[in-house]
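Single-structure report; data block below.
Side-chain atoms are counted along with the backbone in the values below, which use heavy atoms only and exclude waters and symmetry mates.
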Amino acid sequence: MELNGHVRPKRKGSPNTIHDRPTKLFKPESSEMLNTNGSPSDSQYMYGSDSIADGTVEPVTATADTAEWQATIEAVVKNVVSIHFCQTCSFDTSSALASEATGFVVDAAKGYILTNRHVVGSGPFWGYCIFDNHEECDVYPVYRDPVHDFGILRFDPNKIKYMPLSELVLRPDLAKVGSEIRVVGNDAGEKLSILSGVISRLDRNAPEYGEGYSDFNTNYIQAAAAASGGSSGSPVVNLDGYAVALQAGGRSDGASTDYFLPLDRPSRALECIRRGLPIARGTIQTQWIIKPFDECRRLGLTAEHEAAIRKGFPKETGLLVAEIVLPQGPADKQLEEGDVLIKVNGEILTQFVRLDDILDSSVGKKVKILVQRGGQDVEVELEVGDLHAITPDRFVTVAGASFHDLSYQQARLYAIPVKGVYVCEAAGSFRFDSTESGWIIESIDQKKTPDLKAFIDVMKGIPDRARVVVTYKHLSDLHTLNTSIILIDRHWASKMRMAIRNDNTGIWDFSDLGEPLPAAPAQRRKADFVTLDSVGHPAAADIIRSFVRVSCTMPLKLDGFPRTRKIGFGVVINAEKGLVLVSRAVVPYDLCDLSLTVADSIIVDAKVRFLHPLANYAIIQYDPSLVDAPVKSAKLATEPIKQGASTIFFGWNQNLRVAMTSTTVTDITTVAIPSNLSAPRYRAINLDAITVDTSLSGQCASGVLVAEDGTVEALWLSYLGERTAHTSKDVEYHLGLATPTLLPVTDQIQKDITPSLRILNVETNTISMSQVRIMGVSESWITKVAEANSSRHQLFMVRKIDCAPPSGHDSQSLQEGDIILTLNGKLITRVSELDIMYDNEYLDALIVRGGQEMTLKVPTIPTEDLETDRAVIFCGAVLHRPHHAVRQQISKLHSEVYVSARTRGSPSYQYGLAPTNFITAVNDIPTPTLTQFLDAVNKIPDNTYFRLRVCTFDNVPWVATMKKNEHYFPTVEYVKDSREPNGWRVRSWGEKGGVQDAAGGIMDEGTAAGDDNGGADVDVEG
């Protein structure tokens, strides 16, 4: 694979390469559908005809062309450009993305390029074009049609220095059945592709691409192409070099069929733009389709009307029939589905082009329409509405999510009124139960939100951290009204911002909509716990009073963690101080909001007190003065539970319900949680895991093993593991952790002492006596192991050494393959015995290396700097120091600028900067630290190129070029600061390097939170 002429290596086992983003826009669907005209399912159609069913690209160059065709192609290719673009955030029917397409110059003097509407998009657009001689120029949207699949981009002709500019003339009248054509496009910006074909139809209904954007109310041109190739937005030219159509779609099932948009409406729009006139677009909110005469007769077309139409239009084979009439639109209760269109304003009408002409010239006026309905003439008078007025040109971002008025596109797809507040980015507080888009907000805080203005007014009156009731529906299930209680975040994403499209500049203008109301003071609440009836061990059942539900919401993805919201249960270890112990699979880092639910009744905020670097648990704290409930401190056992012991399993299943049963400990063994190759993230290591003989253990992610007297013998925790390649799902393991290992830490926390642990920077695995004997351990030591640990005869071997700290490698350090005999004179046969490392700067270690016993003075490392305490968002990439999981999996740290995540539709995504990359230099200036990186990038002017020296996780260096975009993707810094209410300080860096307040996060500039399911892209997840 190549990028800008340079080979781009990829990391083994990682999807993070330049091709993990779509190289073209296409939307194949898996479901089978039938059109109302009985044609095969459109689910196999895609935008552009540049990809086949498996997503590969097959460029085809016409061969054996005549001299005339060769001359034509030589002239045409100079007008064709490759468009590289980002749709920077989710808007209307489109998600944020970075991709490539094709366009062609239609006005060389003023700099206009024609391409597809699904390329220009309806939301924020940022891109550039590359001409045939590889000169590059920025492009800005001038127009995107509300319905039809064409848009117009503007470029500066003065920026093209080394080739004379020319243009293609639009001649929609020359598209005729039987005409030989060529489709001239760019294959992913790499090379020219030319498709040869013959026009076979002019009256094909516009293909439906499934959910999302689809063209309608136009005929399409169908061509029998020689092969699949080309790109969205390519010109379709005839032998004389005229553009007769615009490539828009094709089949994804291997059939050699392409679909082209006629150029009548693009030609009109271009002329209006040239003359500085508004492009009027009229609508009666009715979708029409072409049906042949035989079907029209079945719908009631009379012989008299058919005869008159066939006489006046002998080449026509069908008429327009009403397919969808939108409720509450101009045609509601006037026209009906199945009406056959006969006349408009007294004129017999058989073509979409003429219907568009009349409606576009009649905005705000009335038209008379004659239809046949069941054999009867029905004439109605309708007022023509403004199509632009029902096409959103603005959105508001608040509480991490984005909203706009429902569009005509979405309403038409589901045959509903064009009204309502649409959630175009279901993130932040409005994540709901699913990551998919398509939600319509009905009310917030018991107040109706019929439109965007009403929604803004309601949100202005909701204070930070308020919990409000939201009712909403999904477009695919409008029969169901959903109700949720959500926490409004106005601290991480404090700004409510309006973005409005500006067609003069081609960018979207942002403005703030007032300051958020401060959070209301927390109130003390009273509640009681439920009583578990019919249990044989009431003391054990009383442990329910020691559980609280923990909800963790993370405004920013750090440390490769795959989610932004997690829910689990924690165990109260000190009710008087509000200390709770919970799995680190629920609370992975402290840049988060924590909410605890006590007795399923009281909700209080909490903060992180301690994160254990190895043992998979966190300790969090809430204010107990706010809780009037009989919360009970769990009594932790001081002696480890034994294999075969009877115990009581008390857990919480996926329905957040209690599950309890008597069981037996089946095994206590040292386990290794698999690492995640594509995105290293926190995992527990060097642990003894407990398993029990009950199926509930696999169903419950949180719980305890409790004795009959109520003593907690082990915690039941969820452990985040690897991401499976075949399902792209994150594996979570459910295992027990004996409580005695917690006591040294919990005792200090309860004394208000923050533990300062030191650890060996190694990962170990157990090794049996048969193996150690072969590796050189003497018989005397094997005898000592048997005496010291009668239940498990084992020693520990160093499996992996963490990457050495920047200070250098200590010659006394352990090495991979070392067998540990003793530490500070104590024989090590149990994981818990490794805890001696926590309190010692150096350990006297007796090891076996290469069959020889030797003594080392092994250093331990402090854990204070293992947690991420600073992050930078730059060009849509999340950068921070390599976290502990990276150091565990890598042998060399190339710099402290590590790419942890990225945003779809951002420069980092477009130019191939991938998670697990290290940035080592900016414009050849070394950037070993985040501070030096910020200093370097803040000197770069906005919207200019710069160079990044990058190294992959597998030590392969490469160079990336990237263009800065502070308008849509500002540079934002998160710094841990205990003085701040949220524990972190958030600020943005201006273009000139000045620091400005940025109370919001990366969502504040209208950016999107998308994910490529690599476990490392900024995402929205439930």
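- At a threshold of 4.0 Å, the pair Asp215-Arg117 does not count as salt-bridged, since none of the basic side-chain nitrogens sits closer than that to a carboxylate oxygen.
- Taking the charged nitrogens against the carboxylate oxygens, Arg354 and Asp356 have no contact shorter than 4.0 Å, which rules out a salt bridge.
- Between Thr317 and Pro292, the closest side-chain pair of non-hydrogen atoms is not below 4.5 Å.
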Legend entry - Derivation and outcome, salt bridge (charged side-chain N to carboxylate O under 4.0 Å, His left out), residues Asp138 and Lys963: CA-CA 11 Å; Asp138 291 339; Lys963 183 179 286 187; 2.5 Å; yes

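- Using modelled atom types and a 3.5 Å distance limit, the side chains of His388 and Asp393 yield no donor-acceptor pair.
- Arg201 is not listed as a side-chain neighbour of Val177, based on a closest heavy-atom distance of 4.5 Å or more.
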Inset, instruction - Tell me, with the steps shown, if Leu319 and Leu341 meet side chain to side chain contact (heavy atoms under 4.5 Å, CB included). - result: CA-CA 7 Å; Leu319 295 174; Leu341 182 62; over 6 Å; no

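- A donor-acceptor contact shorter than 3.5 Å is absent between the side chain of Ser407 and the backbone of Pro392.
- Inspection of the Ser94 and His118 side chains reveals no N or O donor paired with an N or O acceptor under 3.5 Å.
- Between atom CD of residue Gln910 and atom CH2 of residue Trp126 there is a gap of 5.5 Å, rounded to the nearest 0.5 Å.
- Taking the centre of each ring, Tyr143 and Tyr112 stay at or above the 6.0 Å mark.
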Legend entry - Criterion side chain to side chain contact (heavy atoms under 4.5 Å, CB included) on Leu335 and Trp288, from CA distance to verdict: CA-CA 11 Å; Leu335 297 178; Trp288 306 86; 3.9 Å; yes

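- Formation of a donor-acceptor pair under 3.5 Å by the Ser200 side chain with backbone atoms of Gln222 is found in this model.
- For the atom pair Glu136 CD and His134 NE2, the distance stands at 11.0 Å (nearest 0.5 Å).
- Taking all atoms of both residues into account, the shortest heavy-atom contact from Tyr140 to Gly506 is CB-CA, 3.9 Å.
- Expressed to the nearest 0.5 Å, how far CG of Asp145 lies from CD1 of Ile152 amounts to 9.5 Å.
- Under a 3.5 Å cut-off, the side chain of Asn116 and the backbone N or O of Val119 do not form any donor-acceptor pair.
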Legend entry - Steps toward side chain to side chain contact (heavy atoms under 4.5 Å, CB included) verdict (Ile324, Gln285): CA-CA 8 Å; Ile324 298 173; Gln285 295 185 28; over 6 Å; no

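- Residues Cys129 and Ile113 share a closest heavy-atom pair of SG-CD1, 3.9 Å.
- Under a 3.5 Å cut-off, the side chain of Arg182 and the backbone N or O of Val237 do not form any donor-acceptor pair.
- With Lys110 contributing its side chain and Arg274 its backbone, the two residues share a donor-acceptor pair below 3.5 Å.
- With hydrogens and angles disregarded, a donor-acceptor distance shorter than 3.5 Å links the side chain of Asn238 to the backbone of Tyr242.
- Cation-pi contact between Arg265 and Phe150: absent, since separation from the ring centre below 6.0 Å together with deviation from the ring axis within 45° is not met.
- Applying the side-chain contact (heavy atoms from CB on, under 4.5 Å) test between Pro172 and each of Val244, Leu261, Asp264, Leu246 identifies Asp264 as the sole match.
- Of the possible donor and acceptor atoms, one in the side chain of Asn217 sits under 3.5 Å from a partner among the backbone N and O of Thr286.
- Relative to the six-membered ring of Phe216, Arg412 meets both conditions, a distance below 6.0 Å and an angle of at most 45° to the axis.
- Residues Val340 and Leu301 approach most closely at CG1-CD1, 4.4 Å, considering heavy atoms.
- The shortest side-chain heavy-atom distance between Glu295 and Arg298 falls under the 4.5 Å cut-off.
- Across all their heavy atoms, Leu170 and Leu263 have their closest contact at CD2-CD1, 3.8 Å.
- Ring-centre distance between Phe125 and Phe85: below the 6.0 Å cut-off.
- Remark: the Tyr220 side chain and the Asp203 side chain contain no N/O donor-acceptor pair separated by less than 3.5 Å.
- Rounded to the nearest 0.5 Å, atoms CG (Leu359) and CG (Asn345) are 9.0 Å apart.
- Checked against Arg144 for a side chain to side chain donor-acceptor pair (under 3.5 Å), the options Asp503, Asp149, Thr391 give a single hit: Asp503.
- Taking the six-membered ring for Trp, Phe131 and Phe155 have ring centres closer than 6.0 Å.
- Put simply, the side chain of Thr72 gets close to the backbone of Glu68: a donor and an acceptor are under 3.5 Å apart.
- Of the residues Val367, Ile358, Asp360, Thr283, the one that meets the side-chain contact (heavy atoms from CB on, under 4.5 Å) test with Val384 is Val367.
- In this structure the side chain of Ile369 reaches within 4.5 angstrom of the side chain of Ile284, judged on heavy atoms.
- No hydrogens or angles considered: a donor-acceptor pair under 3.5 Å links the side chains of Asn79 and Ser166.
- Ring-plane geometry between His84 and Tyr128 is classed as parallel, the angle between the planes falling under 30 degrees on a 0 to 90 degree scale with a further cut at 60.
- You'll find the side chain of Val105 stays beyond 4.5 Å of the side chain of Leu168, heavy atoms only.
- Counting only heavy atoms from C-beta outward, the side chains of Thr102 and Ser234 approach each other to under 4.5 Å.
- Here the straight-line distance linking atom NZ of Lys315 with atom OG1 of Thr350 works out to 12.5 Å at 0.5 Å rounding.
- With Asn219 contributing its side chain and Leu202 its backbone, the two residues share a donor-acceptor pair below 3.5 Å.
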Legend entry - Derivation of the side chain to side chain contact (heavy atoms under 4.5 Å, CB included) call for Ile221 and Val236: CA-CA 10 Å; Ile221 298 170; Val236 181; over 6 Å; no

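- With values rounded to the nearest 0.5 angstrom, Leu97 atom CG is found 8.0 Å from Arg904 atom CZ.
- There is a side-chain donor-acceptor pair under 3.5 Å between Glu135 and Asn133.
- Looking only at side-chain heavy atoms (C-beta outward), Leu299 and Asp339 stay at 4.5 Å or farther from each other.
- Of all heavy-atom pairs between Tyr213 and Gln409, the closest is CE1-NE2, 3.2 Å.
- Remark: Glu316 does not engage Arg310 in a salt bridge, criterion side-chain N to carboxylate O under 4.0 Å.
- Residues Val120 and Thr115 come closest through the heavy atom pair CG2-CG2, 3.6 Å.
- Side-chain contact check for Val418 versus Leu326: some heavy-atom pair is nearer than 4.5 Å.
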